[in-house]
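Structure first, commentary second.
The model shown is predicted, which means the values in this text are computed figures rather than measured ones.
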Amino acid sequence: MGLFNWFTQEVAIDLGTANTLIIHNDKVVVDEPSIVAFDRTTNKVIAIGKQAMQMEGKTHDNIKTVRPLKDGVIADFNAAEAMIKGMIRMLNGGKGWMFPSLRMVICIPSGITEVEKRAVRDSAEIAGAKEVYLIHEPMAAAVGIGIDVEEPMGNMIIDIGGGTTEIAVIALSGIVCDQSIRVAGDNFDSDIVNYIRRQHNIMIGDRTAEKIKIEVGAALPELQDAPADFAVQGRDLMTGVPKQITVSYTEIAHCLDKSISKIEEAILKALEITPPELSADIYQTGIYLTGGGALLRGLDKRVAAKTKLPVHVAEDPLRAVVRGTGIALKNIGNYKFLMQ
């Protein structure tokens, strides 16, 4: 076994629509945006992650930036494979040496189809994995925030990522009922782009929209510790000249309202199909929010008001899923819910 371990490197990957995180030796060693830049003429990879992110929306004809994942699943197989390969290379500080053999645990959305599952597994194998295990995101998030998933106790997890919102009730090492909707962080960004175009006649890019969401994004139009107004630069649609405006968190709360309502509906639907014994548990334990969307100001209060249940935001919600994937990797033998 010692020799096998010597040649096998273990990595846990949270392959996200917006960000990809990799844990190796119990440490988050890669935390990069899920984006790849290609040279159109040679089709070679120019940049991955943060470097490619800086190019997005600013490229000329010879460079194209690709986001390999859409709605939590692989949309561009070749780009996904190049991205996984490049990020695994980062484990060794960018040196060309590849691990002799890789064992990977990758998390996937719970509403994923068999074909989409196959795409994840295939791209991991082409990137050099000898063994690939899959884990559902809500399960990984529950393990990551320290919930004992093997207990006969119901826990509700809401993981709001970049492409999907995963809502699941977990008990006895399994997902009892779940709702997976393709409304999440990316939808919030496009809501902001559309709102600023409609309301202020200004065209902005996705990166600017994400910045607005981080700086003044809110789920409620009235907050106690309100963020300051944020200056936004974009192209004036009337004159075509660059222009600056300021937006407040109240405006952003109104423009995100529809998307957040869809998430609330899915939460209520998941609660509706929960067995009564588990409903009793959830009344005691409350709801846990993880993922980047959990950082949206006032979201926990809004969900609590809608469901009349206590809502807890996980500490460091962005890394909850990858932490859980890392723990699952260490206990591959014990966790029955890992799929090979």
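- When the shell of 6.0 Å around NZ of K117 is examined, it contains more than 12 heavy atoms from other residues, nucleotides or ligands.
- Atom OG1 of T65 sits about 4.5 Å away from atom CD1 of I35, to the nearest 0.5 Å.
- Other residues, nucleotides and ligands contribute at most 12 non-hydrogen atoms within 6.0 Å of the OH atom of Y283.
- Looking at every heavy atom in both residues, I106 comes nearest to A124 through CD1-CB, 3.6 Å.
- Exactly one of E166, Q179, H136 qualifies for a side-chain hydrogen bond (donor to acceptor under 3.5 Å, both in side chains) with S110. That residue is E166.
- Between D186 and K70 there is no salt bridge, since no side-chain nitrogen of the basic residue lies less than 4.0 Å from a carboxylate oxygen of the acidic one.
- Of the inter-residue distances, the one linking R40 atom CZ with N62 atom CG reads 8.5 Å to the nearest 0.5 angstrom.
- Inspection of the S279 and T274 side chains reveals no N or O donor paired with an N or O acceptor under 3.5 Å.
- Note on R302 versus D257: salt bridge recorded, some NZ/NE/NH1/NH2 to OD/OE distance being below 4.0 Å.
- Defined by atom type and a distance below 3.5 Å, a donor-acceptor pair is missing between the side-chain atoms of Q199 and H254.
- Using a 4.0 Å cut-off between charged side-chain N and carboxylate O, E272 and K269 make no salt bridge.
- Cluster membership check: V216 does not share its hydrophobic cluster with L295, using side-chain heavy-atom separations under 4.5 Å among Ile, Leu, Val, Met, Phe, Trp and Tyr.
- The existence of a salt bridge linking D189 and K213 is confirmed by a sub-4.0 Å separation between a basic side-chain nitrogen and an acidic carboxylate oxygen.
- By the rule that hydrophobic residues join a cluster once side-chain heavy atoms approach within less than 4.5 Å of another member, I170 and L271 end up as members of separate clusters.
- Scanning all heavy atoms of the two residues, the minimum distance from L220 to G298 falls at CD1-O, 3.6 Å.
- Checked for salt-bridge contact, E114 and R118 miss the test: no charged N lies under 4.0 Å from a carboxylate O.
- When all heavy atoms of L134 and R121 are compared, the closest pair comes out as CD1-NH2, 3.5 Å.
- Looking at D26 and K330, a side-chain N of the basic residue comes within less than 4.0 Å of a carboxylate O on the acidic one, giving a salt bridge.
- Checking T246 against D229 by side-chain atom types alone, no donor-acceptor pair falls below 3.5 Å.
- Enclosure of atom CD in Q244 by more than 12 non-hydrogen atoms of other residues, nucleotides or ligands within 6.0 angstrom is indicated.
- Note that OG1 of T290 and CG of D316 are 11.0 Å apart. Values are rounded to the nearest 0.5 Å.
- Nearest heavy-atom pair, I46 versus D39, reported as atom, atom and distance to 0.1 Å: CD1-N, 3.5 Å.
- H312 and Y288 have tilted rings, their planes meeting at an angle from 30° to 60° on a 0 to 90° scale.
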